[in-house]
Amino acid sequence: MPYTITGPYLSELFRRAFTDALHTPAARPTADEWETALVKTVDLAQPCANSGCAQGWYVFDNTRRPVCPYCGTPYAGRLPVLNLYSSHAGDTYRPDNHRLMVYPDQSLFPWHIDRTIFPNERLTESGRRRVGHFVLRDDHWHLINEHMPDLFNVVTRKPIPAGESVVLEDGMQLLLSRAQGGRLAVIQMVND
């Protein structure tokens, strides 16, 4: 298997470490870069639809028609991807180069809705608590708001209070948090 099977974040670090900086140790990726790439890669993981697949999961490859690289099984159905943006100065949102793949019961955590929170050993108990999750009902993906007080549909200008859900649609923009560092998720449907 090629190293690129690890996804865009890890394969970039492998290339830097073992090609560009092979003979220049100071130019190799830092431990912090590896940790960030691992967290982002976990968010790209997708379960394989083939119950007999030896791996069971694969890293999404940013294509419109994803296929498991281990067994060749294509993904069937609409697949939501959350492209994450974060606030830097008021209402200005910039891309975070971070995507979250959706699958049944996939969870949203505080680090998904706020770029200033990072999932490491310093997380508080409340920082580890799930704030939302995704379900597939009648061929429609829903985001269930469990603990996001600011969840807001930017397009329809409608708040989604805790305990309620919203149907995910291509192009939808969901404000996940109004805090400094809060994130905006732009929904992209692949395999549509």
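In what follows, every heavy atom counts, from backbone to side chain, and hydrogens, waters and symmetry copies are set aside. What you see is a predicted model, and the numbers here were worked out from it, not measured in a lab. Positions are given from 1, in the same order as the sequence printed here.
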Taking [X] for the side chain and [Y] for the main chain, is one N or O donor matched with an acceptor at less than 3.5 Å?
X	Y	value
Arg65	Pro74	no
Arg64	Val190	no
Thr24	Ala27	no
Lys40	Asn97	yes
Asn191	Gly77	yes
His140	Arg137	no

Taking the side chain as every heavy atom from C-beta outward, state whether [X] and [Y] have any pair of such atoms under 4.5 Å apart.
X	Y	value
Arg183	Leu175	no
His88	Arg115	yes
Ile187	Val81	no
Leu184	Val154	yes
Gln46	Leu79	yes
Pro66	Tyr58	yes

*asked:* Using a strict threshold of under 4.0 Å (side-chain N to carboxylate O), is an ion pair present between Glu146 and Arg129?
replied: no
*Between Asp105 and Arg130, does at least one N-O distance fall below 4.0 Å, as a salt bridge requires?*
yes
*So, is the end of the Arg178 side chain (NZ or CZ) under 6.0 Å from the ring centre of Phe152 and within 45° of the ring's axis?*
yes
*Do the side chains of Tyr3 and Leu13 join up, straight or via other hydrophobic residues, at under 4.5 Å, putting them in one cluster?*
yes
*Quick one: which of His98, Gln173, Gln188 gives a side chain to side chain donor-acceptor pair (under 3.5 Å) with Asn83?*
Gln188
*asked:* Please report whether the ring centroid of Tyr9 lies less than 6.0 Å from that of Trp34.
replied: no
*Determine, using ring centers only, whether Tyr103 and Trp141 are less than 6.0 Å apart.*
no
_side-chain contact (heavy atoms from CB on, under 4.5 Å) assessment of Phe118 paired with Trp111_ = CA-CA 5 Å; Phe118 193 77; Trp111 58 87; 5.8 Å; no
Could you tell me the separation between the [atom1] atom of [X] and the [atom2] atom of [Y], rounded to the nearest 0.5 Å?
X	Y	atom1	atom2	result
Asn50	Thr73	CG	OG1	4.0 Å
Leu82	Leu100	CG	CG	5.5 Å
Asp114	Ser177	CG	OG	5.5 Å
Leu38	Thr6	CG	OG1	9.5 Å
Cys68	Ile5	SG	CD1	7.5 Å
Leu108	Asn145	CG	CG	9.0 Å

_Testing Val155, Val186, Val166, Val167 one by one against Met172 for a side chain to side chain contact (heavy atoms under 4.5 Å, CB included), which residue passes?_
Val166
*For side-chain contact (heavy atoms from CB on, under 4.5 Å), just list the numbers for Met1 and Tyr70, CA-CA rounded to whole Å, side-chain angles, deciding distance to a tenth of an Å, and then say yes or no.*
CA-CA 9 Å; Met1 290 286 172; Tyr70 302 105; 4.0 Å; yes
*Between Ser86 and Asp96, is any side-chain donor less than 3.5 angstrom from a side-chain acceptor?*
yes
*Under 3.5 Å, is there a donor-acceptor pair between the Asp32 and Thr30 side chains?*
no
*asked:* Evaluate Met189 against Glu169 for side-chain contact (heavy atoms from CB on, under 4.5 Å), listing each step before the verdict.
replied: CA-CA 7 Å; Met189 291 292 189; Glu169 299 172 3; 5.7 Å; no
